Amino acid sequence: MQKVLGDFIHALRQAGLPISSAETLDGLRAAQLVGIDNAPLLKQSLGMTLSKCLEHRLIFDQIFDQYFNSHNQFSTDNSATSEDTGQTMAAPLSEPLPDAINSLESPLAQQLISGDMAGMQVMIASAAGASGAQEVTFMTQVPMVSYRVMQALGDGELQQELAALAEREESSAILSLLQQRRARLQQQVRDYLEQQFLALNQNEPNKRREGNLQKISLTSIDQRNYKLMGELVRKAAKRLASMHSRRRRITKRGLLDVRRTITANAAYDGFLFHTKWKSTRIERPKVMVLCDVSGSVSKVARFLLLFLYSLQDVLPNVRSFVFSSNMAEVTKLFEEKDMEQGLAEVLHTWGSKPTNYGRALSDFETMALADIDNRTTVIMLGDARNNNEDGNIALWEEIYRRSQRVLWLNPEVPVSWDSGDSIMRKYAPYCSHVEACNSLRDLNRILGSVLKHEA
Amino acid sequence: MIIRNQDKINSPDTIKQQFEALGYICSDAIATSVYLACHLQKPILVEGPPGVGKTELAKKTSDLLSAPLIRMQCYEGLDEAKALYEWKYGKQLLYTQLLKDQLGDVMRGAKGLDESVSRLHQFGDIFYSDEFLEPRPLLEALRTEDGAVLLIDEIDKADQEFEAFLLELLSDYQISIPELGTVKAKSKPLVLLTSNNTRELSDALKRRCLHLYIPFPSKAIEQKIITAQVPELNDKLKHQLVEFISELRDMSLKKVPAVSETIDWARALLLLNVDNLDHEWVKTTLNLLLKFQDDIEAVEPEIHNLLKVATKGS
């Protein structure tokens with residue numbers, strides 16, 4: 001049972017469920033407790049111990065069905081097997097065969113003739129384990145491994161036996177039966193391996209692709225991966241959320257607040273019962289994000305917006321602005337619309353127009369400059385390509401002066417900053433950080449560190 | 001507690017029947033979780049939309065095991081002093097005042113500050129002993145002789161720090177009090193945590209628990225629940241009611257009606273002597289089911305259609 005459960009948990013992990021070894025032990029104990037005869041009960045019990053949220057539970061259910069359907073042939077249920085698979089084979093096994101079995105030499109041939117399907121399945125499973133069925137990572141490896149499994153089962157001897165039988169006239173009946181059974185066995189082995197492969201590996205390519213997408217630069221993602229990328233962005237934002245949304249008070253134990261302690265204990269005749277400690281309450285950060293959605297960043301804009309949207313979900317005090325030549329606040333729009341709709345509307349209304357940072361910033365001045373104080377973080381997502389217009393640097397300086405925490409995330413690589421119509425160089429002195437933000441990983445890292453310092 | 005009730009919890013089916021006898025209709029998943037929790041001695045983390053009977057499960061489990069239910073409601077800012085223990089400051093103060101003279105006797109004849117202090121030390125930490133300890137829910141649950149059912153309600157409302165603090169309790173059934181040392185459970189309590197998923201709980205917490213998600217019940221189970229809770233209601237109306245509610249749940253509403261609302265509604269209809277669900281009655285009692293004006297406005301024009309579906313079978 002341990003082996004079966006261990007493999008099953010391996011399959012779950014492949015599908016992305018984070019199952020720790022402690023949970024594996026719990027699962028084993030639960031399985032021991034309820035026994036493995038009652039499949040629905042086993043499913044419930046394992047589901048409770050191994051999956052810890054609804055999303056994972058759904059994946060669990062799916063894999064459980066898949067996995068234990070491919071295994072149930074050799075659970076305890078012999079009757080079922082002999083009924084469906086065994087029937088065609090058991091039918092011609094009438095009288096003369098017991099003698100035939102005795103005349104056969106190779107153990108595999110005896111096994112095949114005896115028609116013990118359950119025993120056969122167990123043999124396949126153990127032979128597959130020994131010949132490395134778990135390590136099959138590509139579908140194309142299946143034939144090779146299935147050959148190895150057949151060898152492990154004793155196919156070599158069987159072949160010899162078949163050759164010997166072919167020379168003797170009187171055993172043609174048993175020869176054809178054996179050949180037929182051997183072909184069936186091969187098919188069985190192959191099926192078993194494919195099922196194993198699917199159960200264990202079907203999510204592997206996905207995982208690999210996700211890993212690559214994290215690193216790939218935002219500009220070179222093709223249409224095909226948009227959806228997956230969207231998922232990833234949301235995941236990242238959610239992770240940031242759970243990491244940072246609640247940290248608000250840092251108590252510095254160790255510094256006694258003498259004044260407050262004395263006041264609090266005045267009633268106790270000067271005995272200091274209640275000690276008061278100095279603590280600093282740190283407010284949730286106020287964040288304003290300005291996002292360039294103009295033509296020059298059109299490819300990245302979608303992701304920047306996606307992140308902006310997710311960020312607003314995550315942090316309570318985020319105000320979102322988008323601009324190409326004019327700036328508009330989209331905080332409300334994001335609150336009301338769901339993600340797809342919101343993004344589409346923003347891109348449709350403001351997107352893909354020529355950029356004018358100067359004009360956009362002066363719009364920003366009227367909308368939000370007054371609200372910027374030293375607890376506000378301003379994040380600019382844009383490439384600073386200004387079509388040779390006036391950049392209104394003075395205003396950017398004013399923003400920096402008020403906030404002191406200004407981040408500029410540029411989707412272009414540093415080499416191409418200041419080339420052509422980019423005026424990054426002019427804005428850069430008035431930013432506390434200027435970073436190239438070119439992949440989801442960058443975005444994660446930068447915003448993670450921002451939030452850590454703020455919250 | 002577990003051994004005492006061995007016969008009541010020897011299989012998920014038995015638990016299910018016992019619950020039904022107590023008027024709590026539950027699914028296989030719920031019964032299995034209680035069974036596992038009892039035998040593996042693990043806490044259960046119960047999640048699900050509001051009003052599906054998460055808290056009720058704890059109450060009925062305590063009835064089932066005939067163990068006291070100790071409930072701790074979580075909220076933002078809950079800390080150890082309110083959850084675990086506190087010192088009885090008033091009593092400490094009173095005793096120091098009363099013992100002032102005694103202390104004077106003890107100190108008499110001591111030469112210098114050093115000797116006085118060392119004499120005081122000989123008396124140990126009288127003021128920080130069991131006598132002066134005020135147990136709060138968690139400590140109480142550990143100290144109950146025969147085991148208790150501990151309900152930690154809405155754990156997601158508490159701070160992350162508090163969650164971390166619970167870990168020791170959940171895995172080892174023990175708690176450290178700096179002045180006294182470690183307090184171990186006399187008899188391991190059965191712990192249920194509920195969460196409405198307002199925030200993601202930490203993996204460490206989840207790892208220590210069995211996870212139970214209670215969804216809205218199926219129509220059949222909901223009918224059984226109403227039968228158990230409002231037995232006087234006639235079958236036809238019951239059927240209509242459940243159908244209507246399940247239609248409502250498919251609509252996109254701010255807050256869909258939960259089981260508790262269904263029961264309230266059933267009670268109300270019984271009180272109003274309604275025996276057939278019609279447009280007028282639904283309209284006047286809709287505010288029992290829906291808690292937002294927006295939702296009521298969205299549903300009102302649809303009542304006719306919903307009723308048509310709901311009354312089709314009867």
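Each chain gets a letter, A, B and so on, in the order the sequences are listed, and its residues count up from 1. Remember, it's a predicted structure, so these values are computed and weren't measured experimentally.
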What's the separation between atom CG in B:Leu40 and atom CD in A:Gln32, rounded to the nearest 0.5 Å? 10.0 Å
Heavy-atom distance under 4.5 Å to chain B: side chain of A:Ser45, backbone, both or neither? both
What's the separation between atom CZ in A:Arg29 and atom CG in B:Leu36, rounded to the nearest 0.5 Å? 10.5 Å
Between A:Met48 and B:Thr32, is there a side-chain heavy-atom distance shorter than 4.5 Å? yes
Tell me whether the count of non-hydrogen atoms from other residues, nucleotides or ligands lying under 6.0 Å of CG in B:Asn10 goes above 12. yes
Name the region of B:Gln92, side chain, backbone, both or neither, that has any atom closer than 4.5 Å to a heavy atom of chain A. both
For chain B, find which of A:Thr49, A:Val34, A:Asp26 contributes the most heavy-atom pairs closer than 4.5 angstrom. A:Asp26
Please indicate whether B:Glu131 has more than 12 foreign heavy atoms, meaning atoms of other residues, nucleotides or ligands, lying under 6.0 Å from its CD. no
For the candidates A:Cys53, A:Gly47, A:Ser51, A:Ser20, which exhibits the highest count of non-hydrogen atom pairs separated by less than 4.5 Å from chain B? A:Cys53
Close contacts, residues 206-214 of chain B versus chain A, judged by heavy atoms under 4.5 Å: B:Lys206, B:Arg207, B:Cys209, B:Leu210, B:His211, B:Leu212, B:Tyr213
To the nearest 0.5 Å, how far apart are OH in B:Tyr35 and CG in A:Leu41? 7.5 Å
Just wondering, more than 12 heavy atoms not from B:Phe132 lying within 6.0 Å of its CZ? yes
Quick one: of B:Ser11, B:Pro12, B:Ala29, who has the most non-hydrogen atom pairs under 4.5 Å with chain A? B:Ala29
